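Report on the following structure.
Just so it is clear, the model here is predicted, and its values are computed rather than measured. All heavy atoms count here, side chains included; hydrogens, waters and symmetry mates do not.
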Amino acid sequence: MKITPTPISAAIAGAFTGIVMPLLWSHFGNDTMSLVVAFLLVVVLPAHAFVVGFSYSQTANARTLDTALIKRVGAWLGAVAIAMSIAQAFRA
């Protein structure tokens with residue numbers, strides 16, 4: 001299965017993270033091991049798969065910035081912030 005990261009997939013992964021992680025955080029409380037596993041499954045794995053991707057792409061010049069990656073990271077972080085804000089608004 002080949003997953004090609006796009007800004008849309010990064011935003012979906014960010015929305016998922018922004019909604020699910022606060023719920024898990026409040027559910028597990030002080031159970032450190034469960035929080036670590038939840039963080040890996042809810043934050044790290046979707047971010048890696050849908051923002052960074054699993055394939056290695058070599059840039060033409062090692063000194064150039066990967067602007068597509070920067071855009072995907074921005075979409076992911078923006079979606080996390082928006083999803084968490086909306087979730088907090090509905091809780092209040």
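I8 CD1: 12 or fewer foreign heavy atoms inside a 6.0 Å radius.
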Report all side-chain donor-acceptor pairs from residues 16-25 shorter than 3.5 Å, counting only partners two or more places apart or in another chain.
residue : atom : partner : partner atom : Å
T17     : OG1  : A13     : O            : 2.9
T17     : OG1  : V42     : O            : 3.0

Check: residues 68-83 side-chain donor-acceptor pairs under 3.5 Å, at least two apart:
residue : atom : partner : partner atom : Å
R72     : NE   : V51     : O            : 2.6
R72     : NH2  : V51     : O            : 3.3

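Hydrophobic clustering (ILVMFWY, side-chain heavy atoms < 4.5 Å, transitive): V52 and V44 are in one cluster.
Of the residues V36, V37, L35, the one that meets the side-chain contact (heavy atoms from CB on, under 4.5 Å) test with F28 is L35.
Remark: F54 pairs with H48 by the ring-ring contact (aromatic ring centres under 6.0 Å, His included) rule, at least two apart or across chains.
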